[in-house]
Amino acid sequence: MKFDFIPIDYGYFDFEGKNYAKITGRNSQGKRICVIDSCPVYFWAILNDKLEEKKINALIEKIKKICLDVKGRKTKVEGVELHDKKFLGCRVKALKIFATNYKDLHDIADCLGMKEIEKRRGYDLGFITHYVIEKKFLPLHWYEISGEVLHNSVEFGGIDSSLNVDFCIKAESIKKTDDKKFLPKVLAFDIETDEFRIGEGEILMVSLVSENFKKLITWKTSSSSGTRLDYVEYVKNEKELIERFIECVKEISPDFLVGYFSDGFDLPYLKARADKHKVKFSLGLDGSQPRFSGAGAGRGIGTGKISGIVHIDLLRFIQTAYSQYMQSETMSLNEVAKEFLGDAKKDFEMKHSSKILAGEWENYFEYNLHDSVLTYNLFQKFWPDINEFSRTIQEPPFETSRAGLSRYTESYILHNLEKFNEIPEKRPTNDEIGQRRRIGSSEGAFVMEPTPGMYENIAMFDFTSMHTSIIITHNLSKSTLLEKKEKGCNESPEIAEGKKKIRYYFSKETGFFPELMKEIFYLRKKAKEEYSKNKNTFTKARSNAFKVLSASAHGYLAFFGARYYSHEASASVLAFVRKYNKETIEKVKEGGYNVIFGDTDSVGFTLNNKTKKDVRQLLEKLNSELPGVMELELEDFYKRGIWVTTRAGITGAKKKYAMIDEDGNIKIRGFETVRRDWCSMARKVQNNVLMMILKEGNEKSALEYVKEIIQKVKDKKLEIKDIIIRTQIKKPLSEYKAISPHVIAAKKMKERNLPIDPGSLVEYYIARTREKKKLVREKVKLPDEKGEYDVDYYLRHQILPAVENIFQVFEIDTDELIDRKKQKKLSDF
DNA sequence: GTTAAGGCCATACC
DNA sequence: ACCGGTATGGCCTTAAC
C-alpha cells in the first residue's frame with residue numbers, strides 16, 4: 001500500500017530487543033496513520049592515529065564478539081565497519097559499531113576501553129534524533145510511504161490492534177515529496193480547581209475547544225433558574241468528569257492537545273485526580289497514560305508526553321521563542337492573549353467553589369471556556385512558528401516547543417553534520433560542565449559612557465547579526481581553534497586572560513560550525529526579504545525562526561552545556577565585538593561627527609552641520625572597509641534624544657536613553673518607564689515627562705506636570721493600580737538571603753495558600769504604618785489589604801527618582817518640589 | 001543606635 | 001542548566017563607630 005503522509009509525533013518501542021520508531025501523522029485525506037519503521041543503530045569509535053591495518057582488523061574482530069546481558073536484555077554487536085570520517089574537522093579513522101538496541105550503546109561503549117580507541121561518540125543523541133538523522137524522515141514535511149498495512153497482525157506483539165488510528169503500517173519505503181498544505185487538528189483545554197497544588201483539590205470543570213466545537217464538562221450543578229448554556233455537559237462527579245474528558249479527546253482525536261501552563265498544571269492535575277479515582281488516564285493513541293518526566297523533587301516543571309498526540313504547553317513555547325520580542329510584562333494568558341489576539345480573559349472574581357452562589361456558576365463556566373478559546377486561538381497564531389522551528393531544527397514539535405535556545409542551535413548542528421562527514425561531539429559530563437564554569441566568563445562587549453544632555457539630529461548605525469557575522473568572517477569555533485599560530489590563519493585581537501594578554505588562532509579552512517552559521521545567516525536574510533515582500537503569518541514565522549536561531553549562535557558557543565562549547569572561540573568573538581565597535585566609534589568621530597552613544601553593536605552620533613546624505617556616504621565607506629559578511633546598517637535618524645546621569649551623580653548612565661524619531665515615535669531604553677518593578681504612576685510620569693521634553697525640546701510643561709502629580713500624590717488621590725509594585729520571585733522563598741519587600745509580599749501570599757513558585761509575580765504596595773518603621777519591607781501590604789499608601793515613600797522612592805535625573809539635564813533640582821517641612825509633619829502624624 | 005559600604009536581587013540593553 | 005556579558009538601582013545586611 002502507498003499513501004502520502006506528514007509525520008507529526010515521534011515515539012518508539014522495543015520489540016524482541018530491537019528499537020522501532022512509531023511515527024504518527026496524517027495523509028492528505030486527514031486519515032490518521034501510524035508508521036512503524038526501524039533504522040540501523042550504531043555509534044562511533046574513533047581510532048588512534050597511525051594504527052596499522054592489521055591491528056585495526058584484529059580490533060574489529062574483537063569488538064564483533066562483544067555480547068552483553070544488561071538490564072535483563074541480551075544485546076550484541078551486530079557488525080563493525082571501518083570508515084574515513086571527520087571529528088572536529090580532523091580526518092580520523094573510525095569504527096561504526098552496530099548494536100541491537102539504542103539503549104545498549106552506552107554499555108557497549110563502556111566495553112571499549114582499549115588503548116587503540118581514542119574516543120567513543122554518537123551514543124547520546126536519543127533514539128528519535130538518531131532515527132530522524134538516519135532516515136531523513138523529517139517532522140512536518142510530506143512523504144510518500146509504501147509498506148504493509150498491519151491488520152490484527154501478530155507482528156510487534158499486536159501493536160496495531162491497540163492503536164486508535166485509521167491505519168498502522170510497517171514502512172518499506174519513505175520518499176520525500178513536495179510540500180502540501182497541512183492544517184492540524186487542534187484541541188485546546190483548560191481546567192478549574194479549588195486548590196493550586198497539584199491534585200490536592202477537586203477539578204470543578206474542564207473545557208474543550210476545537211474547530212466548530214465547544215464543550216465544558218462539570219459536575220457542579222447550577223441553579224435551575226440560571227441560564228442553561230448549551231455547551232455545558234453535566235456529569236455526576238469528578239470521576240465522571242475525567243472519564244468524559246478522556247472520551248472527548250478520543251472522539252476528537254486531535255494531532256495537538258494544547259494547554260497554557262499545562263505541563264505544570266492542567267495535565268499533571270488531571271492525572272493526579274484520575275489516579276485518586278483509580279481511573280486510567282488513557283489519553284494516548286495506544287491507550288497509555290501521559291508520561292511525565294523532568295519534574296522530580298527538584299525545581300522546575302516537567303513535561304507531559306502523550307503517545308501519538310502532541311501535547312503542547314503554549315506557555316513554554318512562547319517563553320523561549322518569542323518572549324524577548326514581546327511587549328507584555330508577564331506571560332499570563334491574559335496579557336499574551338491581549339498582545340497577540342487583541343482578546344482578553346473574561347472577568348470573573350475567582351473564589352473557592354463553596355463560596356460561589358448558585359447563579360454565579362454560569363459566569364465561571366463562561367470564564368473557563370473562554371480560556372480554552374484563547375488557548376485555541378493562540379495556538380492557531382503560533383502554529384506557523386512551531387511548524388517553522390520544528391522543520392528548521394528537524395526535531396518533532398513536542399521537543400521543539402519545549403526546547404531552549406541552545407537546543408535549537410545544537411539540534412540544527414546535529415541534523416546537519418552529515419554534510420561534513422562529521423561524527424557528533426558528545427554532551428559534556430558533569431565534571432566538564434564544572435570545569436567550564438570554573439574557567440568563568442570572558443570579557444564582554446564595550447559600552448561607551450555617554451555625556452548627559454539633550455541632543456538634536458541624531459543618527460544610529462548598528463551591525464547586522466554582529467556576533468554571528470564575526471563567527472562566520474573569522475571562522476571561530478571549537479573545531480577551528482589552532483594550538484599555535486599558522487601562516488595565513490585567523491587571529492583574534494588581544495585578549496586579557498588573567499594577567500596575561502594573549503591571542504587565539506583559528507584555521508583558515510572554514511569549519512562546519514561557522515559554515516552552518518553562514519547558512520543560517522543567509523537564510524535569515526532571505527526570510528527577512530521574503531517577509532517584507534510578502535507579509536503573512538508564514539513568512540513572518542520563517543523570518544522569526546531564523547532570527548532567533550541566528551541570534552543564538554554566540555550564546556551557544558559560550559553555553560557550558562553545549563556540545564560545541566568553546567571558551568576560546570567565545571572570548572575571541574567578544575574581543576572582535578569590542579574591536580569593531582570601538583573602531584566604528586573612532587571612524588565616525590574622524591568623519592566629523594559627535595559620537596554620543598555606543599553599546600555592543602551600535603553607534604549613535606549627532607549630525608552637527610552634516611546632512612543625511614553625508615551620513616549615508618559615511619556608512620558606505622565604513623562598509624567597504626569591513627571584512628567578510630560583516631555589515632553596518634543605518635538604524636534610523638532621530639530628531640532629538642536625551643541622556644542622563646546615574647542616580648549616584650556625575651557620570652553618564654549607560655543603557656539608559658530616550659529618543660524621538662522624525663515621525664514623533666518615542667524610543668525609550670533602560671528608564672524606569674520600561675521596568676515592571678516600578679509602580680505604574682512613577683512609570684507613567686516619567687514616560688510623560690520624556691514625551692513632553694522630547695516633543696517640545698524643553699522642560700517647561702513637563703515641570704508643571706510633575707508639580708501637579710506631586711500634589712496629587714500628597715492629596716492621596718492615587719488609586720491602588722497606580723501604586724502597585726510588581727516583582728518576580730526567582731527562587732524558592734527559603735533560599736533568599738536578603739529579605740526584600742517582594743519576598744515579604746510572597747510570604748504573605750503563601751500564608752493565604754496562594755501559589756508561589758519560582759517565576760511567580762507578586763504585587764504589593766507600601767503602606768503608611770502607625771509606628772515609624774525603618775525598613776520598607778515592614779510597610780508592605782498586598783493589594784487587597786486595607787491601608788493608606790505611604791505618601792513619603794511614593795514621592796521619594798518612586799515619583800521623584802523617576803524624574804530627577806531628567807530634570808537635572810536642565811539644571812533643575814526636583815528636591816525643592818517637595819516641601820520638606822510639610823512632609824515631616826505628615827509622616828510624624 | 002546610626003551610617004556607609006558591600007552584597008543581593010530584579011530587570012533592563014544589546 | 002537548559003543562549004551570553006554589561007549595567008542600573010533599590011533595599012537589605014554587615015561592619016564600624
Side-chain angles (χ1 to χ4, degrees), chain A residues 294 298-300 303 316 319-321 324 329 402-411 427-428 430 433-434 436-437 440-450 460 462-463 465-468 548-562 565 567 569-571 573-575 577-578 581 597-603 635 644-648 651-657 667-678 682 725-731 735-744 759 761-762 766 774-780 793 796-798 801-802 805:
Chain A
R299 270 169 287 164
T303 58
R316 278 179 98 125
Q319 231 159 17
T320 38
Q324 52 179 328
E329 280 170 17
R402 287 168 177 79
L405 296 178
S406 71
R407 272 213 47 198
Y408 284 171
T409 307
E410 192 149 287
S411 293
R427 274 201 296 262
N430 283 341
I433 289 178
R436 291 173 181 187
R437 299 184 81 169
S441 52
S442 337
E443 184 187 347
F446 169 72
V447 187
M448 193 184 114
E449 188 190 308
M460 208 164 124
D462 59 20
F463 283 92
S465 304
M466 191 188 209
H467 298 71
T468 309
V548 170
L549 212 53
S550 174
S552 314
H554 168 254
Y556 177 78
L557 276 182
F559 170 51
F560 46 75
Y565 164 90
H567 171 77
S570 165
V573 172
L574 293 170
V577 166
R578 292 190 293 275
N581 190 239
F597 164 91
D599 187 343
T600 313
D601 61 352
S602 57
V603 181
E635 200 259 350
V644 299
T645 63
T646 60
R647 285 279 286 151
T651 56
K654 298 168 177 182
K655 298 183 186 290
K656 220 174 157 179
Y657 61 90
K667 177 174 173 173
I668 299 179
R669 293 288 178 266
F671 275 108
E672 285 75 0
T673 296
V674 298
R675 294 182 61 98
R676 69 169 179 202
D677 56 349
W678 280 68
I725 298 165
R726 301 203 289 186
T727 315
Q728 197 181 24
I729 291 295
K730 312 253 299 182
K731 52 188 179 186
E735 285 178 22
Y736 278 93
K737 286 181 189 130
I739 309 301
S740 42
H742 79 294
V743 179
I744 294 296
L761 204 63
V762 297
I766 303 305
K774 212 176 76 184
L775 296 176
V776 179
R777 67 165 175 227
E778 293 171 310
K779 300 190 274 192
V780 166
Y793 176 84
R796 286 175 204 284
H797 294 261
Q798 292 280 332
N805 296 32

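Lettering of chains follows the sequences in order, A, B, ..., and the numbering in each one begins at 1. In this text the structure is predicted, and so the values were computed from the model without any measurement.
- Contact annotation for R437(A): backbone-only contact, meaning every heavy-atom pair under 4.0 Å involves sugar-phosphate atoms and none involves a base.
- Taking atom CG on L405(A) and atom C1' on dA1(C), their separation rounds to 13 Å, with Å as the unit.
- Among the heavy atoms of the strands lying under 4.0 Å from Y657(A) are primed sugar atoms or P, OP1, OP2 only; no base atom is included.
- The pair D599(A)-K655(A) meets the salt-bridge criterion, with a side-chain N (NZ, NE, NH1 or NH2) lying under 4.0 Å from an Asp/Glu carboxylate O.
- In this structure, Y408(A) reaches neither bases nor backbone, as no heavy-atom distance under 4.0 Å exists between it and the strands shown.
- K731(A) places its NZ atom 9 Å from the P atom of dC8(B), with the value rounded to the nearest Å.
- Looking at the side chain of D601(A), the nearest of the listed nucleotides dC14(B), dG4(C), dA12(B) is dC14(B).
- When the nucleotides dC9(B), dT11(B), dC14(B) are ranked by their closest atom to the side chain of T727(A), dT11(B) comes out on top.
- Residue contacts for H742(A): at a heavy-atom cut-off of 4.0 Å it reaches the sugar-phosphate backbone alone, with no base atom in range.
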Under 4.0 Å protein heavy-atom contact, by nucleotide of nucleotides 8-17 of chain C - B base, S sugar-phosphate only: BSSSSS----
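- We find that CE of M460(A) is positioned 11 Å from C1' of dC13(B), with the value rounded to whole Å.
- Side-chain nitrogen and oxygen atoms of S552(A) include none within less than 4.0 Å of the OP1 or OP2 phosphate oxygen of dC3(C).
- Taking atom CD on Q319(A) and atom P on dC2(C), their separation rounds to 12 Å, with Å as the unit.
- Side-chain atoms of R777(A) never come within 3.5 Å of backbone atoms of I744(A) as a donor-acceptor pair (strictly under, hydrogens ignored).
- A distance-only check finds no donor-acceptor pair linking the side chain of D462(A) to the backbone of D601(A) [under 3.5 Å].
- When heavy atoms are screened at a 4.0 angstrom cut-off, Q324(A) is found touching base atoms of the nucleic acid.
- Here S442(A) lies in heavy-atom contact (under 4.0 Å) with sugar-phosphate atoms only.
- Regarding I433(A), its CD1 atom lies at a distance of 8 Å from the P atom of dA1(C), rounded to whole Å.
- E735(A) and K730(A) are not joined by a salt bridge, as no carboxylate oxygen comes within less than 4.0 angstrom of a charged side-chain nitrogen.
- As judged by a 4.0 angstrom heavy-atom cut-off over every strand, G555(A) is placed among the base-contacting residues.
- Taken from OG1 in T727(A) to CG in D677(A), the straight-line distance is 5.5 Å, to the nearest 0.5 Å.
- In this structure, the side chain of R436(A) does not engage the main chain of Y565(A) through any donor-acceptor pair within 3.5 Å.
- In this structure, F597(A) reaches the sugar-phosphate backbone alone: every heavy-atom distance under 4.0 Å involves primed, P, OP1 or OP2 atoms, never a base.
- Counting only distance, with no hydrogens or angles, the side chain of T600(A) and the backbone of A445(A) share no donor-acceptor pair below 3.5 Å.
- Side-chain proximity of Q728(A) to the nucleotides dA10(B), dA7(C), dG5(C) is greatest for dA10(B).
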Report all side-chain donor-acceptor pairs from residues 551-562 of chain A shorter than 3.5 Å, counting only partners two or more places apart or in another chain.
from: S552(A); atom 1: OG; to: V548(A); atom 2: O; distance (Å): 2.6
from: H554(A); atom 1: NE2; to: S570(A); atom 2: OG; distance (Å): 3.1
from: Y556(A); atom 1: OH; to: E410(A); atom 2: OE1; distance (Å): 2.3
from: Y556(A); atom 1: OH; to: R563(A); atom 2: N; distance (Å): 3.3
from: Y556(A); atom 1: OH; to: Y564(A); atom 2: N; distance (Å): 3.2

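- Rounded to whole Å, the distance from CZ on F671(A) to C1' on dT11(B) is 16 Å.
- As a whole-Å value, the separation of K667(A) NZ from dC14(B) C1' is 11 Å.
- Atom-to-atom, OH of Y556(A) to P of dG4(C) comes out at 12 Å; the value is rounded to the nearest Å.
- Residue-level contact check: F560(A) touches the backbone only, with heavy atoms under 4.0 Å from sugar-phosphate atoms and none from bases.
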